[in-house]
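Here the structure is laid out as structure tokens; the discussion comes afterwards.
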Protein chains: 2
Amino acid sequence: MSKRELSYLTDLQSKPLRVDRGKELVHEGEAGQTAYIFQSGWACSFKLLPDGGRQIISFPVPGDCVGLRSMLLRTSDHSLSTVTEATIIPIQAARVKHMFNEFPYLGTALLWATSRDEAMIVEHLVSVGRRNAIERTAHFILELHDRLELVGLAADHKFHCPLNQYVLADALGLSTIHVNRVLRQLRTRELATFKAHEITIHNIAGLKALAGYASPEESLVVVRDGIERDGF
Amino acid sequence: MSKRELSYLTDLQSKPLRVDRGKELVHEGEAGQTAYIFQSGWACSFKLLPDGGRQIISFPVPGDCVGLRSMLLRTSDHSLSTVTEATIIPIQAARVKHMFNEFPYLGTALLWATSRDEAMIVEHLVSVGRRNAIERTAHFILELHDRLELVGLAADHKFHCPLNQYVLADALGLSTIHVNRVLRQLRTRELATFKAHEITIHNIAGLKALAGYASPEESLVVVRDGIERDGF
DNA sequence: ACGCATTGTTAACCTGTGTTAGCCTCGACT
DNA sequence: AGTCGAGGCTAACACAGGTTAACAATGCGT
């Protein structure tokens with residue numbers, strides 16, 4: 001990346017903004033004129049169902065960028081709310097569009113970033129579709145751990161996690177009560193503990209085995225061990 | 001789009017290629033040097049699990065383009081197999097990368113296309129996470145119908161669908177047997193019939209009500225009817 | 001310190017979905 | 001025509017997970 005590109009990227013960012021927890025930053029179907037970088041605090045993107053239920057798609061954590069995609073589309077296809085108080089850096093759509101013309105190369109970088117997001121959503125889909133409640137929860141904890149470790153927010157197999165069991169249920173496609181049961185089981189089996197907004201992984205190998213979790217680097221290998229079936 | 005851009009897009013495409021059904025075009029973890037446009041035939045993209053299960057992510061149908069994303073990343077995060085015999089148009093990665101520099105505007109178009117894909121995956125995640133078997137199946141049928149209608153492959157609430165119940169199960173996160181039960185129920189309730197590779201929707205209003213399905217155009221409205229809950 | 005709201009925890013019961021096992025149908029091949 | 005295999009269909013049973021209903025902790029505001 002050239003100096004000019006970098007300085008442009010810096011210019012793109014507005015002043016950090018503090019928002020309360022539970023604030024809906026983007027409403028589904030709304031025109032998405034703004035993207036945000038999360039400097040601190042957690043959020044969740046989700047879709048509501050006609051019956052009032054909801055499915056959480058992902059949890060942006062500090063360092064993550066959201067809404068870039070919906071800037072280009074007319075509207076956002078899901079809502080976004082903060083889970084905790086947060087500091088965000090808004091990015092204006094107009095400037096991003098200008099950037100696309102000025103520095104085409106950055107467009108590719110952006111495409112790369114959105115691809116990473118999509119990979120996470122796909123993994124989430126696999127979890128919900130084909131893993132049972134405990135595997136799914138274990139997988140979720142491991143993924144969160146790896147993501148947070150990457151930005152220095154997890155150490156020693158321990159990290160802060162401001163989610164409650166209701167939110168967890170909406171993310172994992174389970175009922176609150178069952179989340180509670182599963183967490184208890186993880187505790188009893190001495191794999192991981194979720195207490196007072198802090199997750200501690202006691203036995204990371206055991207947890208990975210349970211979840212069928214492939215660390216980002218190993219992910220290529222594990223799949224080949226699976227029994228291969230043909231495509232139809 | 002300028003004439004020059006259009007002709008460039010045409011140049012990009014190689015000769016159509018005929019492939020057998022059940023052919024794995026992309027293997028998970030593989031470097032994705034090629035993208036494909038499906039001219040005819042169906043495919044499915046999926047992830048395999050260590051225990052041999054799989055989750056189907058999406059079904060590319062004629063007119064769809066796949067693999068553009070994984071060309072930019074080092075590797076593809078999921079596999080792709082044909083479901084039927086198919087005619088595909090391969091697109092070379094090198095030429096696409098060149099295109100990005102030459103016509104930055106097309107990069108945005110590409111980003112737009114991948115965003116549409118992602119929206120579909122998100123909807124799939126919502127289905128699997130928060131709809132029960134019959135709602136999920138109904139939703140799937142409706143989505144397929146709308147997609148195929150768009151490319152002229154569905155008419156009169158009827159369309160060809162070469163998927164068997166095993167494949168359906170892997171897509172919907174259900175067991176084969178349960179897919180069978182659900183299809184029977186849809187038939188009995190005179191909502192839709194899946195027979196001899198052909199899906200017929202008998203009562204589209206009823207099916208939409210059951211699925212909580214929002215047509216692409218109406219999708220903005222329906223969600224606001226849901227009971228709103230705050231973001232945490 | 002008190003009361004209230006939020007979140008966590010547990011038990012009992014019920015239902016949706018998975019599992020196992022088998023039979024039927026149809027088309028492809030010999 | 002007969003065999004074989006793939007895919008569809010059904011039934012009986014088992015179990016994971018959902019539902020309902022309490023109650024216990026915790027934290028917050030007054």
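Every chain is numbered from 1, with letters handed out A, B, ... down the list of sequences. Treat the numbers as computed from the prediction; the structure is a model and nothing was measured.
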remark   = Regarding the side chain of B:Asn132, the nearest nucleotide among C:dT17, C:dT9, D:dG8 is C:dT17
message = Can you measure B:Leu172 atom CG to C:dT17 atom P for me and round it to whole angstrom units?
response = 11 Å
task = Determine the sole option in B:Thr200, B:Ile204, B:Leu191, B:Leu186 for which the side-chain contact (heavy atoms from CB on, under 4.5 Å) test with B:Ile141 is passed.
result = B:Leu186
Rounded distance in Å - NZ (A:Lys195) to P (D:dA24) = 16 Å
ask   = Starting at NE2 of A:His197 and ending at C1' of D:dA25, how long is that distance when rounded to a whole Å?
value = 13 Å
request  = Could you check which of C:dG8, C:dT17, D:dC9 has an atom nearest any side-chain atom of B:Leu174?
outcome  = C:dT17
query = Counting any heavy atom closer than 4.0 Å, what does A:Arg184 reach on the DNA or RNA strands: base, sugar-phosphate only, or nothing?
reply = sugar-phosphate
remark   = Walking DNA chain C from its 5' end, the first of A:Arg130 and A:Asn180 to be reached, judged by nearest nucleotide, is A:Asn180
request  = Rounded off to whole Å, could you give me the CG-to-P distance for the A:Asp170 and C:dT7 pair?
outcome  = 12 Å
key: Protein-nucleotide distance (A:Ile199, atom CD1; C:dG8, atom C1'), rounded to Å   = 15 Å
request  = Send over the distance from A:Leu168 CG to C:dT7 P, rounded to a whole Å.
outcome  = 13 Å
key: Heavy atoms of other groups near B:Arg18 CZ, more than 12 under 6.0 Å   = yes
query = How far apart are the C-alpha atoms of A:Thr87 and A:Ser40, what are their side-chain angles, what is the distance that settles it, and do they pass the side chain to side chain donor-acceptor pair (under 3.5 Å) test?
reply = CA-CA 5 Å; A:Thr87 326; A:Ser40 75; 2.7 Å; yes
query = Quick one: is D:dG7 close enough that its OP1 or OP2 comes under 4.0 Å of any side-chain N or O from B:Asn164?
reply = yes
query = Does the C:dG8 base have a donor-acceptor partner in the side chain of A:Arg181 within less than 3.5 Å?
reply = no
query = OP1, OP2 of C:dT9 versus side-chain N and O of A:Gln165: anything below 4.0 Å?
reply = yes
remark   = Between CD of B:Gln185 and C1' of D:dT10 the distance, given in whole Å, is 15 Å
ask   = How long is the line joining CD1 of A:Ile134 and C1' of D:dC15, in whole Å?
value = 15 Å
ask   = If you measure only the distance, is there a donor-acceptor pair under 3.5 Å linking the side chains of A:Thr82 and A:Arg21?
value = no
message = side chain to side chain donor-acceptor pair (under 3.5 Å), that's the test. Do A:His178 and A:Arg181 meet it? Break it down for me.
response = CA-CA 5 Å; A:His178 204 62; A:Arg181 287 197 276 248; 3.0 Å; yes
message = Please classify the nucleic acid contact of B:Ile177 as base, sugar-phosphate, or nothing, using heavy-atom distances under 4.0 Å.
response = base
